[in-house]
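All residue numbers in this chain count up from 1 along the given sequence. Keep in mind the model is a prediction, meaning the values are calculated, not measured.
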Amino acid sequence: MSDIISRTEEFVTQLLTNELDSNYLYHNLRHTQRVVKSTKELLDHFDLKAKENEAIHLAAWLHDTGYTKGNNEHEAESCEIAKVFLKSQDYDDAGIDRICSLIMATKRHHEPQDLSEEIIRDADASHLGQSSYLDTSEMLREELSLLGVADYTPKKWRNANIKMFQTEHRFYTDYAKENWQEGKDKNLKKLVKNRKKRIKTFKKEELKVKLKNQSPERGIQTMYRVTMRNHLKLSDIADTKANILLSVNAIIISLLLTNLIPKLDNPSNDYLIYPTGIFVMFSVVSMIMSVLATRPNVTRGEFNKEDVKNRKVNLLFFGNFHKMKLADYEWAIGEMIKDQTYLYSNLTKDLYFLGVVLNTKYKLLRWTYTIFMIGMILSVIAFFVALKFYGPERMLQLPT
């Protein structure tokens with residue numbers, strides 16, 4: 001390697017390492033080194049003059065230094081940087097002009113005018129034929145987004161790459177065509193395959209969603225599921241309310257039995273008999289109605305084949321099958337799932353009878369709360385009346 005090439009390599013390495021924006025994920029030192037390596041590969045194949053060989057080599061190192069000044073017209077900026085550096089190295093003017101013309105040959109859509117320009121263009125695009133192309137391409141997409149140049153979706157970027165492969169880019173030198181074209185064709189096939197796969201997957205998912213949205217089965221199943229869940233929640237609420245009333249009244253009666261009723265055998269406490277009796281009576285009635293609200297109904301728990309064939313039995317309610325043999329029940333379920341109408345009929349019956357049970361529970365609960373409330377009010381009034389009108393009389397009748 002000549003001395004000027006070594007000094008240029010050192011200069012470019014320091015420049016791109018220290019002054020290049022970190023958002024350049026693709027057009028960085030690694031890309032330049034890759035282009036230089038491909039340039040050497042091409043130059044080893046072609047028998048060019050030493051001066052021309054050196055110029056191409058230097059152009060490969062300097063062609064992207066302009067990115068340190070920004071993204072716009074970076075080739076021209078690279079030429080300016082190359083001129084300043086090469087003049088500082090006492091490089092001849094004709095050589096500098098030749099290097100600048102080669103740098104400008106890397107501009108997009110430029111058609112090479114000679115073999116040297118073909119070499120620099122093929123080296124700059126050598127990554128299209130490498131196995132790492134998809135990764136480097138993704139880095140370029142991210143770079144464009146970070147710099148605010150363009151924001152491609154993966155789909156649009158893939159389509160843009162396919163278009164570039166098919167209509168814009170081509171290798172110029174015989175060596176590149178022979179050694180890199182095959183890799184480029186493979187990368188193009190991967191891009192097209194990925195696009196077809198994505199389109200197929202998208203259509204499949206779109207069809208699946210469409211069928212789900214259009215299918216009445218989904219809506220029907222959701223309706224039954226939501227309604228059933230709401231019924232069960234309401235049933236749990238009713239049972240909880242009944243249990244609360246049962247517990248409260250049990251505590252009240254326990255307190256009355258242990259504290260108040262034993263004192264009623266004393267003649268001085270006769271005036272408390274009626275208030276206490278009212279209190280106990282309403283509490284007992286409330287307890288009885290709470291038990292009735294939560295008490296399960298007894299069912300026969302069996303059916304016959306005629307009931308199934310005539311669609312008269314609800315196979316989803318345990319009370320209709322808990323006494324049946326497993327084989328008979330499995331047969332009945334098999335018959336039910338064969339007939340969609342019968343299946344939905346069973347679900348509908350299940351919802352209906354749940355509603356009937358809920359209606360009974362909530363009616364009993366309403367009456368229970370009403371009786372409990374009336375009993376509490378009447379008991380309190382009775383205690384106050386007894387204390388007001390009969391309490392003093394009893395006190396006066398006590399022996400002195």
Side-chain angles (χ1 to χ4, degrees), residues 1-9 11-12 15-16 26-27 31-67 69 72-130 133 136 140 163-185 187-188:
M1 184 185 294
S2 66
D3 190 46
I4 184 61
I5 294 177
S6 298
R7 292 198 300 271
T8 303
E9 178 182 354
F11 167 74
V12 171
L15 181 67
L16 295 181
Y26 173 78
H27 290 103
H31 167 71
T32 299
Q33 291 171 335
R34 185 167 56 244
V35 173
V36 171
K37 181 180 178 182
S38 298
T39 301
K40 288 180 181 178
E41 187 177 340
L42 289 165
L43 291 175
D44 288 341
H45 176 75
F46 294 100
D47 187 19
L48 299 178
K49 294 180 180 180
K51 189 65 177 178
E52 188 67 11
N53 196 317
E54 182 181 82
I56 298 171
H57 211 141
L58 292 173
W61 273 112
L62 293 162
H63 80 286
D64 272 349
T65 53
Y67 278 110
K69 304 296 183 182
N72 295 327
E73 299 296 331
H74 64 274
E75 294 91 357
E77 293 290 346
S78 296
C79 286
E80 293 302 318
I81 293 173
K83 287 178 182 178
V84 173
F85 170 72
L86 292 172
K87 284 182 179 179
S88 71
Q89 303 299 314
D90 296 324
Y91 205 78
D92 62 282
D93 292 340
I96 293 174
D97 290 340
R98 180 54 176 161
I99 291 168
C100 283
S101 68
L102 291 171
I103 291 174
M104 295 304 296
T106 62
K107 195 170 186 177
R108 189 174 182 179
H109 304 303
H110 176 82
E111 280 297 320
Q113 303 301 310
D114 54 34
L115 178 59
S116 297
E117 290 188 1
E118 289 179 354
I119 290 173
I120 194 70
R121 284 195 64 83
D122 282 354
D124 194 26
S126 61
H127 67 287
L128 299 180
Q130 296 175 357
Y133 168 71
T136 55
L140 179 57
K163 183 179 179 181
M164 182 268 293
F165 269 70
Q166 293 176 334
T167 63
E168 179 182 329
H169 176 266
R170 68 184 180 91
F171 287 121
Y172 296 97
T173 64
D174 293 337
Y175 181 87
K177 291 176 183 177
E178 183 178 346
N179 294 278
W180 298 343
Q181 183 64 44
E182 184 179 355
K184 178 189 171 184
D185 293 340
N187 288 327
L188 176 59

Keeping the roles fixed (side chain from Q113, backbone from E111), state whether a donor-acceptor pair exists under 3.5 Å. yes

List in chain and number order the residues that pass ring pair (Phe, Tyr, Trp, His ring centres under 6.0 Å) with Y91, two or more places apart in sequence or in another chain; answer none if no residue qualifies. none

Working to the nearest 0.5 Å, report the span between OG1 of T65 and CD of E75. 10.5 Å

With a 6.0 Å cut-off (strictly less than), is the heavy-atom count around CG of D174, excluding the residue itself, greater than 12? no

Listed partners of N53 passing side-chain hydrogen bond (donor to acceptor under 3.5 Å, both in side chains), at least two apart: none

Salt bridge (Lys or Arg N to Asp or Glu O under 4.0 Å) contacts in which one or both residues fall within residues 112-123, not counting sequence neighbours: R98-D114

For the student: nearest non-hydrogen atoms of A60 and T39, plus distance: CB-OG1, 3.5 Å

Check side-chain hydrogen bond (donor to acceptor under 3.5 Å, both in side chains) between N179 and all other residues, then give those that pass, not counting sequence neighbours. none

What are the two closest non-hydrogen atoms of I120 and L102, and how far apart are they? CG2-O, 3.8 Å

Working for side chain to side chain contact (heavy atoms under 4.5 Å, CB included), residues Q33 and W61: CA-CA 7 Å; Q33 291 171 335; W61 273 112; 4.2 Å; yes

Please name all residues satisfying side-chain hydrogen bond (donor to acceptor under 3.5 Å, both in side chains) with S38, sequence neighbours left out, ordered by chain then number. S126

Report the residues that fulfil salt bridge (Lys or Arg N to Asp or Glu O under 4.0 Å) with E54, sequence neighbours left out, ordered by chain and then residue number. K51

Who are the ring pair (Phe, Tyr, Trp, His ring centres under 6.0 Å) partners of H45, not counting sequence neighbours? Y175

Can you name the nearest heavy-atom pair linking Y172 to K177, along with the distance? O-CE, 3.6 Å

Going from CG on L43 to CD1 on I119, what distance comes out if it is rounded to the nearest 0.5 angstrom? 5.0 Å

Where is the tightest heavy-atom contact between N187 and L128, given as atom of each residue plus distance? ND2-O, 2.8 Å

Taking only residues two or more places apart in sequence or in another chain, which ones pass side chain to side chain contact (heavy atoms under 4.5 Å, CB included) with Q181? F171, K184, D185

What pairs with E77 under side chain to side chain contact (heavy atoms under 4.5 Å, CB included), at least two apart in sequence or on another chain? K69

Of all residues at least two apart in sequence or in a different chain, which pass the ring pair (Phe, Tyr, Trp, His ring centres under 6.0 Å) check with F85? F11

Enclosure of D47 CG (heavy-atom neighbours >12, cutoff 6.0 Å): no

Output every pair passing side-chain hydrogen bond (donor to acceptor under 3.5 Å, both in side chains) with a member in residues 78-90, not counting sequence neighbours, ordered by first then second residue. R7-Q89

Please list, chain by chain and in numerical order, all residues satisfying side chain to side chain contact (heavy atoms under 4.5 Å, CB included) with H31, sequence neighbours excluded. Y26, H27, N28, R34, V35, H63, D64, D124

dist L58:CG -> T8:OG1 (nearest 0.5 Å) comes out at 4.5 Å

Quick check for you: to the nearest 0.5 Å, what is the distance between I99 atom CD1 and S116 atom OG? 11.5 Å

Give me the atom names and distance for the closest heavy-atom approach of L42 to A176. CD2-N, 4.4 Å

